[in-house]
Amino acid sequence: QVQLVESGGGLVQAEGSLRLSCAASGRAFSNYAMGWFRQAPGKEREFVAAISVGGGLTSYADSVKGRFTISRDNAKNTVYLQMNSLKPEDTAIYYCAAGGGYRVTPRRPNEYDYWGQGTQVTVSS
């Protein structure tokens with residue numbers, strides 16, 4: 001089992017920045033691709049970003065590309081999401097996830113095995 005705990009969410013004004021963290025414990029963090037998803041009220045959970053096991057490859061949703069950066073520190077068992085130029089439409093609960101499959105940078109929720117509890121991000125206009 002892998003346990004994931006997100007932190008760093010909060011209230012920020014438009015054009016501001018936040019950095020989310022996801023601390024992992026349990027089995028072999030460095031063996032998993034990691035991803036970030038978000039879910040706004042009344043909407044489905046959507047892909048935000050993913051990073052490969054070694055951190056060398058990343059993938060981003062079109063809506064956040066150029067504004068968000070995913071990274072990982074395997075020595076600290078932690079994955080990060082740096083969010084810049086935030087917009088009100090970025091408001092959502094953000095979840096981190098760990099994937100145990102062969103996919104390098106998974107983009108679908110069903111490609112992940114473990115999920116955190118989520119952290120709220122609210123962007124005011």
Side-chain angles (χ1 to χ4, degrees):
Q1 289 280 75
V2 174
Q3 293 79 47
L4 304 172
V5 179
E6 302 96 334
S7 62
L11 175 64
V12 64
Q13 62 185 348
E15 303 301 322
S17 297
L18 284 174
R19 189 179 76 160
L20 306 183
S21 299
C22 177
S25 62
R27 186 187 299 274
F29 172 79
S30 62
N31 287 344
Y32 295 97
M34 299 294 296
W36 287 95
F37 292 76
R38 66 187 183 186
Q39 188 165 23
K43 299 182 66 177
E44 294 183 347
R45 187 168 299 189
E46 67 174 348
F47 171 76
V48 175
I51 189 165
S52 61
V53 167
L57 294 172
T58 58
S59 182
Y60 297 93
D62 289 344
S63 59
V64 307
K65 189 174 183 179
R67 300 188 297 122
F68 291 10
T69 303
I70 187 171
S71 61
R72 67 190 296 163
D73 186 340
N74 286 348
K76 296 182 178 180
N77 290 347
T78 302
V79 62
Y80 305 94
L81 185 69
Q82 178 67 47
M83 304 186 294
N84 298 326
S85 301
L86 283 161
K87 306 173 181 180
E89 51 262 46
D90 294 319
T91 295
I93 300 174
Y94 283 70
Y95 300 88
C96 69
Y102 70 93
R103 300 166 190 85
V104 177
T105 54
R107 297 174 65 94
R108 298 186 296 178
N110 63 9
E111 295 170 334
Y112 290 87
D113 301 311
Y114 305 102
W115 294 84
Q117 82 291 163
T119 186
Q120 177 71 48
V121 172
T122 302
V123 184
S124 62
S125 61

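Everything quoted here is computed from the prediction, not taken from an experiment.
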Any side-chain heavy atom of Tyr95 within less than 4.5 Å of one from Gln117? no

Show which side-chain atoms of residues 11-25 pair as donor or acceptor with protein atoms under 3.5 Å away, not counting sequence neighbours.
from  : atom 1 : to    : atom 2 : distance (Å)
Ser17 : OG     : Asn84 : OD1    : 2.9
Ser25 : OG     : Gln3  : OE1    : 3.3

Asp73 and Phe29 have their tightest heavy-atom pair at O-CE2, 4.2 Å

Return the minimal non-hydrogen interatomic distance between Ala92 and Ala40, and the atom names on each side. CB-N, 3.8 Å

Residue pair Thr78 / Arg72, side-chain donor-acceptor N/O under 3.5 Å: no

Could you pull out every donor-acceptor pair under 3.5 Å between side chains of residues 42-56 and any protein atom, sequence neighbours left out?
from  : atom 1 : to    : atom 2 : distance (Å)
Glu46 : OE2    : Arg38 : NE     : 2.6
Glu46 : OE2    : Arg38 : NH2    : 3.2
Ser52 : OG     : Gly56 : N      : 3.3
Ser52 : OG     : Leu57 : N      : 3.0
Ser52 : OG     : Leu57 : O      : 3.4

Could you check if a side-chain atom of Gln120 sits within less than 4.5 angstrom of a side-chain atom of Thr91, using non-hydrogen atoms only? yes

Between Gln39 (side chain only) and Ile93 (backbone N and O only), is there a donor and an acceptor less than 3.5 Å apart? no

Other members of the hydrophobic cluster containing Val5, with the 4.5 Å side-chain heavy-atom rule, please. none

Please name the pair of heavy atoms, one in Trp115 and one in Pro109, separated by the smallest distance, quoted to 0.1 Å. CZ2-O, 3.5 Å

At what distance, to the nearest 0.5 angstrom, does CE of Met34 lie from OG1 of Thr105? 13.5 Å

Any idea which heavy atoms bring Arg107 and Tyr60 closest together, and the distance? NH1-O, 3.4 Å

Asp113 and Gly99 have their tightest heavy-atom pair at OD2-C, 3.9 Å

Is it true that Trp36 and Val123 fall in one hydrophobic cluster, defined by side-chain heavy atoms closer than 4.5 Å? yes

Quick check: is Ile70 connected to Leu86 through a chain of hydrophobic side chains (ILVMFWY, heavy atoms under 4.5 Å apart)? yes

Are Val121 and Val79 in one and the same hydrophobic cluster, where Ile, Leu, Val, Met, Phe, Trp and Tyr link if side-chain heavy atoms are under 4.5 Å apart? yes

Near-ring test Phe37/Tyr112, centroid separation under 6.0 angstrom: yes

Considering non-hydrogen atoms only, spot the tightest contact between Gln1 and Tyr114 and give its length. OE1-CE2, 3.1 Å

